[in-house]
There are 2 protein chains.
Amino acid sequence: MKRNTWQRQAVRDALGEKPGFVSAQDLHAALREAGSPIGLATVYRALADLAGDGDADSLQSAEGESLYRACVSPGHHHHLICRSCGTTVEIEADDVEQWAAKTAARHGFTQPRHVVDIFGLCPACSAS
Amino acid sequence: MKRNTWQRQAVRDALGEKPGFVSAQDLHAALREAGSPIGLATVYRALADLAGDGDADSLQSAEGESLYRACVSPGHHHHLICRSCGTTVEIEADDVEQWAAKTAARHGFTQPRHVVDIFGLCPACSAS
DNA sequence: GCCGGTAATGAGAATCGTTGTCAAATACCG
DNA sequence: CGGTATTTGACAACGATTCTCATTACCGGC
């Protein structure tokens with residue numbers, strides 16, 4: 001049984017208002033900023049519930065934080081990372097998305113998540 | 001200037017002996033198990049250096065740990081990994097190889113390496 | 001070989017994000 | 001309304017990683 005508390009709603013709303021990915025900490029900070037006396041643990045729980053119910057996606061940032069985004073907005077992307085200076089460029093990879101899903105399915109795997117990142121030297125670092 | 005200490009070598013060797021991805025903690029545990037009095041901080045530093053020099057790849061596990069693996073041995077391939085029981089299936093991804101190279105080039109990046117792995121639930125674990 | 005500068009080491013503390021605990025608050029059903 | 005199980009929230013606990021800093025030991029030059 002799932003209850004409909006204003007806290008849960010607040011998290012859902014706050015998540016929907018952010019265009020991209022947000023960390024749980026950032027969401028909590030934003031909510032407090034907006035006047036909600038909501039607790040940090042509650043934000044984590046609400047986000048976990050949303051992700052579990054498929055209402056949000058979650059992934060790990062390069063720094064190890066868990067990031068969430070409202071599920072509706074498109075924009076799943078990957079990264080092109082300079083292994084010298086660390087700059088990252090966001091890239092799209094629709095082809096790869098489909099390939100990953102297909103490949104997983106062909107081997108009987110379900111609930112596929114994938115890691116697709118390219119490491120290289122950015123133009124600046126290539127020059128030196 | 002980079003110094004060649006037995007600790008660094010030990011980390012490099014230990015990483016090379018593991019087939020897939022290993023966490024820093026696991027590597028450290030394995031090394032201690034093997035008799036090395038190596039320190040945890042040193043393992044982290046060695047892994048960070050290896051990753052920085054392109055001698056190792058790193059990625060984040062679904063649980064938020066940093067995982068490392070020795071860098072691309074001859075037969076380049078990717079993995080389909082069950083996040084419940086850990087089984088891995090080797091997969092080929094020629095399409096993705098080309099896509100990665102092209103994408104890197106389009107953004108002016110050179111010497112591209114990539115990490116392409118899919119995590120999911122294997123048939124056995126999907127059933128339960 | 002031996003020496004000195006200097007980067008690397010390591011033990012423990014500190015930090016950060018996240019999860020657990022548990023009493024108090026409260027949404028839902030009747 | 002009243003009962004009850006779920007949720008909340010402050011705080012403690014936790015695990016992974018990073019920092020600190022005194023000590024060690026490479027390495028290049030003599």
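Chain identifiers are assigned alphabetically (A, B, ...) following the order of the sequence lines, protein sequences preceding nucleic acid strands; residue numbering begins at 1 within each chain. As a basis for the values below, the full set of heavy atoms in this structure was taken, side chains included, without hydrogen atoms, waters or symmetry mates. Since the model is a prediction, treat every value here as computed from it, not as a measurement.
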Nearest heavy atoms of A/Ala14 and A/Leu31, plus distance in Å: CB-CD2, 3.9 Å
Expressed as a whole number of angstroms, how long is the span from A/Leu40:CG to C/dT18:C1'? 8 Å
Between A/Pro123 and B/His107, which heavy-atom pair has the shortest distance, and what is it? CG-O, 3.6 Å
Which is it for B/Val22 and B/Leu67 under the side chain to side chain contact (heavy atoms under 4.5 Å, CB included) test, yes or no, and what are the steps along the way? CA-CA 5 Å; B/Val22 209; B/Leu67 301 182; over 6 Å; no
A/Gln9 CD to C/dT26 P, in whole Å, measures 18 Å
At how many degrees, to 10°, do the end axes of the helix from C/dG1-D/dC30 to C/dG30-D/dC1 meet when each uses five pairs? 40°
All heavy atoms of B/Val11 vs all of B/Ile38, minimum pair found to be CG2-CD1, 3.9 Å
Can you tell me how far the CD atom of B/Glu17 sits from the CG atom of B/Leu27, to the nearest 0.5 Å? 10.0 Å
Length of the OH-P vector between A/Tyr44 and D/dC11, whole Å: 17 Å
Sorted by number, residues from residues 26-37 of chain A placing a heavy atom under 4.0 Å from DNA chain C are none
Mind listing the closest non-hydrogen atom pair of B/Trp99 and A/Ile91 along with its distance? CH2-CD1, 4.2 Å
What is the distance, rounded to the nearest whole Å, between atom OH of A/Tyr68 and atom C1' of C/dT18? 9 Å
If you look only at pairs with a residue in residues 35-48 of chain A, which of them pass as a side-chain hydrogen bond (donor to acceptor under 3.5 Å, both in side chains), with sequence neighbours excluded? A/Gln25-A/Tyr44
Any A/Ser66 side-chain N or O less than 4.0 Å from OP1/OP2 of C/dT18: yes
Considering only C/dC28, C/dG12, D/dC27, which nucleotide approaches the side chain of A/Asn4 most closely? C/dC28
B/Leu47/B/Leu15 under side chain to side chain contact (heavy atoms under 4.5 Å, CB included): CA gap, chis, key distance, verdict: CA-CA 9 Å; B/Leu47 286 174; B/Leu15 193 61; 4.1 Å; yes
What residues form a side-chain hydrogen bond (donor to acceptor under 3.5 Å, both in side chains) with B/Asp26, not counting sequence neighbours? B/Ser23
Show every donor-acceptor pair shorter than 3.5 Å between a side-chain atom in residues 2-9 of chain B and any protein atom, with sequence neighbours excluded, or say none if there are none.
from: B/Lys2; atom 1: NZ; to: B/Asp53; atom 2: OD2; distance (Å): 2.6
from: B/Thr5; atom 1: OG1; to: B/Arg8; atom 2: N; distance (Å): 3.3
from: B/Arg8; atom 1: NE; to: B/Arg3; atom 2: O; distance (Å): 3.4
from: B/Arg8; atom 1: NH1; to: B/Asp49; atom 2: OD2; distance (Å): 2.5

Which pair of non-hydrogen atoms, one from A/Asp55 and one from A/Arg12, has the smallest distance, and what is that distance? OD2-NH1, 3.4 Å
Provide a list of protein-nucleic acid N or O atom pairs under 3.5 angstrom, restricted to nucleotides 5-8 of chain D.
from: D/dA5; atom 1: N3; to: A/Arg3; atom 2: NH2; distance (Å): 3.0
from: D/dT6; atom 1: O4'; to: A/Arg3; atom 2: NH2; distance (Å): 3.1
from: D/dT6; atom 1: O2; to: A/Arg3; atom 2: NH1; distance (Å): 3.1
from: D/dT8; atom 1: OP1; to: A/Thr5; atom 2: OG1; distance (Å): 2.7
from: D/dT8; atom 1: O3'; to: A/Gln7; atom 2: NE2; distance (Å): 2.9

